[in-house]
Protein chains: 2
Amino acid sequence: MANKKKTTIKDIANVLGITPSAVSKALNNNPRISKKTKANVIQVAKNLNYQPNHIASALRKGKSNLVGVIIPRANSHFFSSVIEKIEDVLNKEGYNIIITQSNESYTKECNNIDALLYTQVDGIIASMANETTQLDYYEKIKSQNIPLILFDRGENDLNVDYVGIDDYQSSHIVIKHLVEQGCKRIAHIGGFSHTRIYKNRIRGYRDALKKYNLPIEDDLITESNLSIEDGRKNMQKLIDTTTLPDAVYVAGDYAALGALQVLKENNINVPKDVALVGFSNDTFSSLVTPSLSSIEQHSEKIGELAAHAFLKRMSHPDEKVSLNKMILKPQLIVRDSSKRK
Amino acid sequence: MANKKKTTIKDIANVLGITPSAVSKALNNNPRISKKTKANVIQVAKNLNYQPNHIASALRKGKSNLVGVIIPRANSHFFSSVIEKIEDVLNKEGYNIIITQSNESYTKECNNIDALLYTQVDGIIASMANETTQLDYYEKIKSQNIPLILFDRGENDLNVDYVGIDDYQSSHIVIKHLVEQGCKRIAHIGGFSHTRIYKNRIRGYRDALKKYNLPIEDDLITESNLSIEDGRKNMQKLIDTTTLPDAVYVAGDYAALGALQVLKENNINVPKDVALVGFSNDTFSSLVTPSLSSIEQHSEKIGELAAHAFLKRMSHPDEKVSLNKMILKPQLIVRDSSKRK
DNA sequence: TACATTTGTTACAACGTTTGAACAAATGTA
DNA sequence: TACATTTGTTCAAACGTTGTAACAAATGTA
């Protein structure tokens, strides 16, 4: 069982009668090492099943090649595909990523940040928990002078790189579509307005209603975590406490699904009685009945841009640009849940 | 911007006029250090905003406190909640986890393993990609003498710790239920039989049919990746090429969803014409119409057991037990898609 | 008083790698 | 022949921490 020690460059050096530094240089393809020596080193390394010790190299170089990623939870098409892309891009550049989930909890998020900093990650790419309103822990990251990139759920005040879609614009697109379908009273089941993206969606919703001369009724607007349960509850509330609106724009697909359930349970026809539009185009959105119209957020593109933003910060640490905000165009995928014509 | 150097124990030592080792001992609460010194050290550490360098400590101690986790993809309720629990348990013990996704690709999985080993993880917890049939890379992990724990998608031949549910038993439970609902010709949309869990589900399905004296028709059995698309295709095939069975048992919820879609598109009533049962009780399963009966796999429990298995291996590296197979009881959640009575 | 034990600290090597300076040998140049 | 340059390697220090041995001082024991 106990397979002795791991092979180190010292072992290779001993076999060949050269010094460890020569071996190190050979392995790193240093131009001053002869081809013959390099070949020998590589051969012996293979024979001894040498595995470079990343930790030692990280210590010496002051660089861990680890990037921390913080997301609310992996259990959604959006986040898991953003991560997939980030991993893709960064792996190619020799980075590994440490994914942590906040589960929408501020405390957990702070713990994650501490853990990542402790692990000496070279940078952090994050999307904030719904609960997060204080930015002290993000300031802590900034104070360590490692790149911090936010995506989707970000904050203006932090003044760091950001990748996301145009949420304000999204609402406009949704409302335009619903108006075109003949809807006149449109409700909004939204996220918490303390989070920038949800605030923008709400703002966009209100402004778009104004634009189309539709009434803004505060009873038709709710804020929540946008869980399935939140969607159910808020839809039920709309049914119970007001005259039924003829459309509901939900700021998340899970909540939209919950809303859809409640509508069906109450024998309210979607889209005829109530048109429904969700947000984020999750995997199941096309699969439920009726299929759910939703805003596509271009998750792969977001992941790609976030990863590249990190890489750019790494290669140009003294770049003058202090903020780089990348805003993608949203796209509405129209499906049965909102097709009235 | 350039915030100088990071604080090290050396800096703290200088301030207090003691040696770095005293500081280290103080921070590690060594009993030989006086209370007064400890208090001083902690105070100065706070003042200088000291962050311990995990890399240095990892090198010295020969232990990274990093655990690698390999999953097919995070985008499912099952895997994301297993991970959540693993993270939970291991964080409490001072470990961070590095999550990597194989995307069901063997090549990607091998790359992930290499990356994790290179990062000097203290152990690996993995669930195999559908594509994986060779075990060479897993043997590589074993040869490094770090704990390897498999869950869900495992392999008998590797002879390592395993956590999963009783797949064979699951099929029996499903078939029993379907028989009780009056079904007489039950199809199976299964995973690839080269993967142990899917093999067991198929085996259980066949044996259960036998047990209830139902005919086994090879035309009613398909193997695939169990993606939504696979579910659609295989359901369509069942409709096109054979007389319609009166029940379909699908080995994954995504594929079951695909099958459900096709059934609805063909105006086949679920559950009256065809009863449908899925596997893994994903979030959306209760939310589609009709709601989908499914096997609950106790993902949190699996995560918990896997994490504990790792911890146990770490604390008792020379344990005689060479294999610890933990098999959980499956539970069928009966919903509308299979309720015929 | 003489010695043993406990307490609190220092000294130093080590973990495995990388890097810049130094150096010797080989080659080139005038 | 004398010197400059190039080539291939060695040397030694460093990254930040930890653990063991050593040591001095304080305290306990007879």
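Protein chains get the first letters and strands the later ones, always in sequence-line order, with residue 1 at the start of each. Keep in mind that this is a model prediction, so the values were computed, not measured.
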Test A:N53 against A:K6 for side chain to side chain donor-acceptor pair (under 3.5 Å), laying out the working first.
-> CA-CA 9 Å; A:N53 186 325; A:K6 281 189 188 167; over 6 Å; no

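Atom CG in A:L16 sits roughly 10 Å away from atom P in D:dT9 (whole-Å rounding). In this structure, B:I12 atom CD1 and D:dG16 atom C1' are separated by 12 Å, rounded to whole Å. Summarising the geometry, the separation between NZ on B:K10 and P on D:dT17 is reported as 10 Å, rounded to the nearest angstrom. Atom-to-atom, NZ of B:K35 to P of C:dT9 comes out at 14 Å; the value is rounded to the nearest Å.
Side chains of B:S64 and B:Q120: no donor on one and acceptor on the other come within 3.5 Å. A donor-acceptor pair shorter than 3.5 Å cannot be found between the side chains of A:S105 and A:E131.
DNA chain D is contacted by A:L59, A:R60 of residues 54-67 of chain A, taking any non-hydrogen atom closer than 4.0 Å.
Of the two residues contacting DNA chain C, namely B:S21 and A:P20, the nearest-nucleotide position lying further toward the 5' end is that of B:S21.
The pair B:E84-A:K108 does not count as a salt bridge, with every side-chain nitrogen at least 4.0 angstrom from each carboxylate oxygen.
Atoms CD1 and CD1, from A:I113 and A:I141 in turn, are 4.0 Å apart once rounded to the nearest 0.5 Å.
Comparing the helix axis at one end of the helix from C:dT1-D:dA30 to C:dA30-D:dT1 with that at the other, each defined from 5 consecutive pairs, gives an inter-axis angle of 50° (nearest 10°).
In this structure, A:R196 forms a cation-pi arrangement with A:Y162, its terminal cationic atom sitting closer than 6.0 Å to the ring centre and no more than 45° off the ring axis.
Contacts of A:T8 with the nucleic acid, taken as non-hydrogen atoms under 4.0 Å apart, involve only primed sugar atoms and P, OP1 or OP2.
For A:K25 against C:dG20, a side-chain N or O and a base N or O form a donor-acceptor pair under 3.5 Å.
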